[in-house]
Amino acid sequence: MDTNYIDIVKILSENYNYISIRKEYKFSEEENAHVVNRPCFYLNDVLTKGTYTQNPNKSFHKIEMIESLSSKPKGIYLDDLTEIKDNTIVQIEFHPSNRDFLLIKNSFFDKVFIDFPNLLNSLKTSNSHLILYFGFEADSFQYDDYNKENYYKNYYQMLEDVISENELPNNSIILLSSNGLGNTHEKIRYGNNESVVKSVFDNFLEWDTFLKLKGNIDLNYNFETHIDNLKKSSKYLLRVNRTSNLYRDLMLYYLFASNNIDKCLIEHIEFGSELNNFKNKLNECRKISDKLNYTNITDYFNYDNTIISDINKTIPLVASTDEQINNKLTTDSYGIEPIPHDIYHNSIFSWVSTSLVDMDNQVFINSSTFNPILYYHPLLIHGNKSHISCFKNSNYKSFSFLFDEDYDLDDDILVRFVKNVNQVNKLLELPKDILIDIILSNRNILEYNRNLLFECNSIERILTKFYNLLNGK
């Protein structure tokens, strides 16, 4: 009989020890060499009551689950231990920037088992498990989008050798990943056979909406207040990114070229595209627009030095009123700085641009998708193929009442982009009152998604799958 969720949480919380490894392994001895691993205490946070009750007015996830927790202390490292207790979970953050899988194996696994022979012995006897947390990115374990000439063709092949060479049980190493295509890739790898490499694929960053904060968050922000804000605002569209890439620059160029910039609330710090490449992509977009007979937007893909000049005079664009006053960083890098939630109060819909949108074998759903949902935003997403499909697979409802979402399954990233622009252009031509009426008519969908976000069901799915893998299921 399957163990119920609350019992699973109690077992994981009370019967296991959660530690990390302080020592960082690099690809070479050079001072600036890339690091393979970093310390991680993800499961400590998941199993700590205070994680869910940081806001005094409202918690997220399931009350019964929260009440069953106490706390799991962080800061215990294998480096400091002379022995490993039974039922120890060793967690590391694992996202090497170099995807040379043989080099990863040589630089990390071969060395860590020499440096920590007690870890290797404990893994062999199933007294401990090594957790590789990939949650903040969405690498494919089946396909290599970066380097086709590798000795190992993918993570799976490399990890299968690690398990085989060290005579480890298959569940001794467990991967935690945010790739929405992960389960599909695992099925491709192993078919109906039991998987050798064990993984949990889910929306690991769903809870970031409640935890990665800058400034105030109003968890009691209601639909009526939002509609009142929209009626008083001149903004239709929210377009926000902390980092720039070619496609985000193309989005900004369209908004300037169409003279819609005043209808938009935008965060765009730099226009960093190489000019010739940018011109070539614009030209490709124009050809696609012609082919799709989008006569209303084709001219917006003409290159114009004046528009580039206007953009460069205008940026950096900062969306948050709070950050316009005080933009002091709370993290080490602007690229990972949390987005203040005040930006979501005064615009009708979000035009979302996901990271690494040109990768064919990943879907990464993160705060750029989840944050706007907390504030009743419909989302038009320029993302990887199948982003909306993966979103719906997590039981969220998409926004076909406002957008034609057939672009989601187009293979060509520029076709998806041009179809996005066509959708945006149509909406920006409508009177604002009509758009607000559409929002009012679909209140049930927007409130459903918001309530589902509060449930944060990814946590239950993650812990249940993790528990089952620990127990050989």
Side-chain angles (χ1 to χ4, degrees), residues 136 205 208-218 221 226 229-230 233-273 278 300 307-357 364-383 387 417 420-421 423-425 427-428:
F136 58 92
L205 301 191
D208 273 10
T209 292
F210 306 100
L211 300 178
K212 298 291 177 67
L213 302 176
K214 185 177 184 179
N216 296 324
I217 178 173
D218 182 5
Y221 185 77
H226 186 58
N229 287 339
L230 297 185
S233 173
S234 63
K235 305 301 183 185
Y236 285 53
L237 175 156
L238 177 65
R239 167 81 285 280
V240 179
N241 52 266
R242 290 300 203 192
T243 57
S244 296
N245 62 37
L246 171 64
Y247 302 100
R248 292 167 179 172
D249 287 347
L250 286 168
M251 295 164 96
L252 186 65
Y253 185 92
Y254 154 72
L255 293 173
F256 270 83
S258 61
N259 291 315
N260 280 313
I261 201 73
D262 290 337
K263 292 183 177 180
C264 306
L265 185 60
I266 299 173
E267 173 105 5
H268 202 105
I269 302 306
E270 64 175 346
F271 193 90
S273 296
F278 184 81
Y300 301 143
I307 295 173
I308 297 295
S309 177
D310 288 343
I311 290 173
N312 286 324
K313 289 176 184 175
T314 306
I315 55 177
L317 291 163
V318 178
S320 167
T321 303
D322 292 343
E323 286 192 327
Q324 290 170 7
I325 299 169
N326 178 11
N327 205 3
K328 184 178 180 180
L329 294 184
T330 62
T331 61
D332 296 332
S333 167
Y334 194 79
I336 60 172
E337 188 76 359
I339 299 283
H341 284 215
D342 68 307
I343 66 170
Y344 302 108
H345 294 172
N346 299 301
S347 53
I348 298 171
F349 68 96
S350 287
W351 191 10
V352 175
S353 171
T354 63
S355 303
L356 302 177
V357 67
F364 183 28
I365 305 179
N366 57 22
S367 57
S368 65
T369 297
F370 293 121
N371 281 10
I373 288 172
L374 191 63
Y375 299 95
Y376 312 101
H377 274 222
L379 310 179
L380 180 66
I381 298 172
H382 184 238
H387 187 107
F417 173 72
N420 259 229
V421 170
Q423 295 285 309
V424 169
N425 201 70
L427 294 177
L428 293 180

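Nothing here was measured: the structure is a model prediction, and the numbers come from that model.
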Exercise for the section: Consider only side-chain N and O atoms of Asp208 and Ser367, and report whether a donor and an acceptor are under 3.5 Å apart. Expected result: no

Exercise for the section: Give me the one residue out of Asp322, Asn216, Ile217 that meets side chain to side chain contact (heavy atoms under 4.5 Å, CB included) with His341. Expected result: Ile217

Problem - Contacts of type side chain to side chain contact (heavy atoms under 4.5 Å, CB included), residue Asp249, not counting sequence neighbours - result: Ser244, His268, Phe271, Ser273, Phe278

Exercise for the section: Taking the side chain as every heavy atom from C-beta outward, state whether Ile261 and Lys263 have any pair of such atoms under 4.5 Å apart. Expected result: no

Problem - Thr314: side chain to side chain contact (heavy atoms under 4.5 Å, CB included) partners, not counting sequence neighbours - result: Phe256, Leu317

Exercise for the section: Mind checking the CE-CD1 spacing from Met251 to Ile266? Nearest 0.5 Å is all I need. Expected result: 10.0 Å

Handout entry: Distance-only side-chain donor-acceptor flag, Ser350 / Arg239, under 3.5 Å
Key = no

Problem - Test item: Leu379 and Ile373 side chains (from C-beta on) under 4.5 Å apart, heavy atoms - result: yes

Handout entry: Whether His377 and His226 hold their rings parallel, tilted or perpendicular, with breakpoints at 30° and 60°
Key = tilted

Exercise for the section: For the pair Glu267 (side chain) and Ala319 (backbone), establish whether a donor and an acceptor sit closer than 3.5 Å, ignoring hydrogens and angles. Expected result: yes

Exercise for the section: Verify whether one side chain among Ser353 and Asn241 offers a donor that lies under 3.5 Å from an acceptor in the other. Expected result: no

Handout entry: Leu250 side chain reached by Val421 side chain, heavy atoms, under 4.5 Å
Key = no

Exercise for the section: May I ask you to say whether Arg242 pairs ionically with Glu270, meaning some side-chain N is under 4.0 Å from a carboxylate O? Expected result: no

Problem - Centroid separation Tyr375 to Tyr221 less than 6.0 Å - result: yes

Problem - Intermediate values then yes/no, salt bridge (Lys or Arg N to Asp or Glu O under 4.0 Å), Glu337 and Lys214 - result: CA-CA 8 Å; Glu337 188 76 359; Lys214 185 177 184 179; 2.9 Å; yes

Problem - Test item: side-chain donor near acceptor, Tyr254 and Asn425, under 3.5 Å - result: yes

Fill in the blank from the handout: Asn346 meets the side chain to side chain contact (heavy atoms under 4.5 Å, CB included) criterion, sequence neighbours left out, with Asn229, Ser233

Handout entry: Inter-residue atom distance Phe417.CZ - Leu246.CG, 0.5 Å rounding
Key = 8.5 Å

